[in-house]
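Shown next, in C-alpha cells, is the structure this report addresses.
Sequential numbering from 1 along the given sequence is applied to the chain's residues. Side-chain atoms are counted along with the backbone in the values below, which use heavy atoms only and exclude waters and symmetry mates.
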Amino acid sequence: MMDQEKIRQGVRLILEGIGEDPDREGLVETPDRIARMYGELAGGMEDDAAVHLSKRFHVENNEMVIEKDITFYSMCEHHMLPFYGQVHVAYIPDGEVVGLSKIARTVEVFAKRLQLQERLTAQIADAFMENLKPKGVLVMIEAEHMCMTMRGIKKPGTKTVTLTTRGVFDGNEALQNTFFRMIGR
C-alpha cells in the first residue's frame, strides 16, 4: 500500500534540498499533488496481471493475434524519470484468447511501476505465458527515456527497443518476420 504521507514529506525534503521554500505560494500544494501523481504513476504495484488475463474466450482458430502501438508511460527506476513509447504484443493462442483491452491492461500493470524497459518487456511476456498459456508470445517495446533526453547524454529522439520471445516464437525466424511485417517494421 502506498504511503502518501511519506511521499509528501519526501517532496518537501527535495524542495528544501534544492533551495526552495516549500511554504511559498506556488509550492505549498506541490507535495500533495506529487503524492497523488505517484499514486497514479506507480499504481501497478498493487495490481495483478492475472486478474486481467483471467477473462478468456474459447476459439478454434489458433492464428497469431497482435495488438500493436499500445502507448505506455513508465518511470525509470534509476532516475525516477519517465520513459514512454509503444508496446507490441503478439501471441498464438492454444484454444483461448483474451479480450483486446486486457492486453493493454496487462501492459499497464507492469508499466505503472518503477521499471527497467528490459524487465517490463519480460514481465509482460511472462504474464501471458503463465496466465493465458498460449503456444507462444512475443513482446516488443520501443521507448524514449527522459534520462537520455533531458539529462546526461541529452539525445532527444533516441529510442530503445527491447524484444522478448517465449514458446513457439523462440528462434522461429518465420514467425518473428510475420510479426515484424504485421506491425510495419
Side-chain angles (χ1 to χ4, degrees), residues 1-57 67 69-89 91 96-134 137-152 160 162-164 166:
M1 188 82 170
M2 202 169 295
D3 187 333
Q4 298 282 307
E5 184 53 35
K6 279 189 179 180
I7 296 170
R8 286 190 283 275
Q9 291 170 8
V11 172
R12 283 189 63 84
L13 288 172
I14 290 170
L15 291 171
E16 290 170 0
I18 64 172
E20 276 287 359
D21 174 8
D23 294 317
R24 102 173 144 78
E25 181 183 10
L27 294 175
V28 73
E29 294 179 23
T30 296
D32 191 53
R33 280 193 295 269
I34 299 291
R36 287 193 315 270
M37 177 193 72
Y38 274 102
E40 185 178 333
L41 297 180
M45 295 299 295
E46 299 170 14
D47 206 354
D48 183 1
V51 171
H52 303 294
L53 295 172
S54 66
K55 177 75 172 166
R56 300 183 195 126
F57 306 97
E67 188 158 331
D69 299 327
I70 304 166
T71 300
F72 79 97
Y73 300 91
S74 193
M75 300 282 282
C76 152
E77 69 180 31
H78 296 139
H79 300 97
M80 293 180 69
L81 287 171
F83 69 98
Y84 55 90
Q86 280 75 45
V87 178
H88 315 290
V89 177
Y91 72 97
E96 293 184 316
V97 295
V98 294
L100 298 176
S101 69
K102 305 308 183 198
I103 298 171
R105 288 184 191 282
T106 300
V107 169
E108 288 296 303
V109 166
F110 298 110
K112 289 189 174 196
R113 301 175 179 185
L114 294 180
Q115 271 295 7
L116 296 174
Q117 183 174 329
E118 298 86 346
R119 181 188 312 122
L120 175 60
T121 311
Q123 286 175 328
I124 296 165
D126 292 341
F128 270 83
M129 291 304 288
E130 291 166 16
N131 296 288
L132 185 58
K133 301 194 183 331
V137 65
L138 185 153
V139 177
M140 179 177 161
I141 298 180
E142 301 172 280
E144 185 166 344
H145 293 249
M146 295 306 289
C147 59
M148 285 274 296
T149 63
M150 68 182 286
R151 60 151 306 279
T160 300
T162 51
L163 179 79
T164 297
R166 301 285 189 264

Subject >> Validation row: L163, L138 side chains within 4.5 angstrom (heavy atoms) >> reply: yes
Original post:
Out of curiosity, M75 CE to M80 CE, how far, rounded to the nearest 0.5 Å?
Top reply: 5.5 Å
Original post:
How about R105: does its CZ atom have over 12 heavy atoms from other parts shown lying under 6.0 Å from it?
Top reply: no
Original post:
Do V139 and T162 touch side chain to side chain, with heavy atoms closer than 4.5 Å?
Top reply: no
Subject >> Gap separating the CG atom of D69 from the CD atom of E142, nearest 0.5 angstrom >> reply: 8.0 Å
Subject >> Rounded distance [0.5 Å steps], CD in Q123 versus CD in E130 >> reply: 10.0 Å
**OP:** Search all heavy atoms of R166 against all heavy atoms of T164 and return the closest pair with its distance.
**Re:** NH1-CG2, 2.8 Å
Original post:
For the atom pair CZ (R113) and CG (L120), what is the distance rounded to the nearest 0.5 Å?
Top reply: 9.5 Å
Original post:
Where do E96 and L132 come nearest, in terms of heavy atoms and distance?
Top reply: O-CD1, 3.9 Å
Original post:
Heavy-atom count around M150 CE within 6.0 Å, excluding the residue itself: above 12?
Top reply: no
**OP:** Measure across A127 and T106 and return the closest heavy-atom pair with its distance rounded to 0.1 Å.
**Re:** CB-CG2, 4.2 Å
Original post:
Rounded to the nearest 0.5 Å, how far does CD of E108 lie from NZ of K102?
Top reply: 13.0 Å
Subject >> salt bridge (Lys or Arg N to Asp or Glu O under 4.0 Å) pairs, two or more places apart, involving residues 25-36 >> reply: R8-D32, E29-R33, D32-R36
**OP:** Mark yes or no for whether Q117, through its side chain, and T160, through its backbone, hold a donor-acceptor pair below 3.5 Å.
**Re:** yes
Original post:
If you look only at pairs with a residue in residues 113-134, which of them pass as a ring pair (Phe, Tyr, Trp, His ring centres under 6.0 Å), with sequence neighbours excluded?
Top reply: Y91-F128
Original post:
So does E77 pair up with R119, basic N to acidic O under 4.0 Å?
Top reply: yes
Original post:
How many angstroms lie between CD in E67 and OG in S101, if you round to the nearest 0.5 Å?
Top reply: 8.0 Å
**OP:** Please report the closest heavy-atom contact between P22 and L15, naming both atoms and the distance.
**Re:** CB-CD1, 4.1 Å
Original post:
With ring centroids as reference points, do F72 and F83 lie under 6.0 angstrom apart?
Top reply: yes
Original post:
Is there a side-chain contact between L27 and E20 (heavy atoms, below 4.5 Å)?
Top reply: yes
Original post:
Would Q115 and S74 count as having a side-chain donor-acceptor pair, cut-off 3.5 Å?
Top reply: no
Subject >> Working for side chain to side chain contact (heavy atoms under 4.5 Å, CB included), residues D23 and R12 >> reply: CA-CA 9 Å; D23 294 317; R12 283 189 63 84; 3.3 Å; yes
**OP:** For residues A35 and I7, report the shortest heavy-atom separation together with the two atoms involved.
**Re:** CA-CG2, 3.5 Å
**OP:** Quick one: do V98 and K55 satisfy side chain to side chain contact (heavy atoms under 4.5 Å, CB included)? Show the steps, please.
**Re:** CA-CA 6 Å; V98 294; K55 177 75 172 166; over 6 Å; no
Original post:
How far apart are the C-alpha atoms of I34 and T30, what are their side-chain angles, what is the distance that settles it, and do they pass the side chain to side chain contact (heavy atoms under 4.5 Å, CB included) test?
Top reply: CA-CA 6 Å; I34 299 291; T30 296; 3.8 Å; yes
Original post:
Closest heavy-atom contact between L81 and C147?
Top reply: CD1-CA, 3.9 Å
Subject >> Main-chain N/O of M148 paired to R151 side chain as donor or acceptor, under 3.5 Å >> reply: no
Could you pull out all donor-acceptor pairs under 3.5 Å where a side-chain atom in residues 41-50 meets a protein atom, sequence neighbours excluded?
| from | atom 1 | to | atom 2 | distance (Å) |
| --- | --- | --- | --- | --- |
| E46 | OE2 | M2 | N | 3.1 |
| D47 | OD2 | H52 | NE2 | 3.3 |
| D48 | OD1 | A50 | N | 3.1 |

Subject >> Derivation of the side chain to side chain contact (heavy atoms under 4.5 Å, CB included) call for M140 and V87 >> reply: CA-CA 6 Å; M140 179 177 161; V87 178; over 6 Å; no
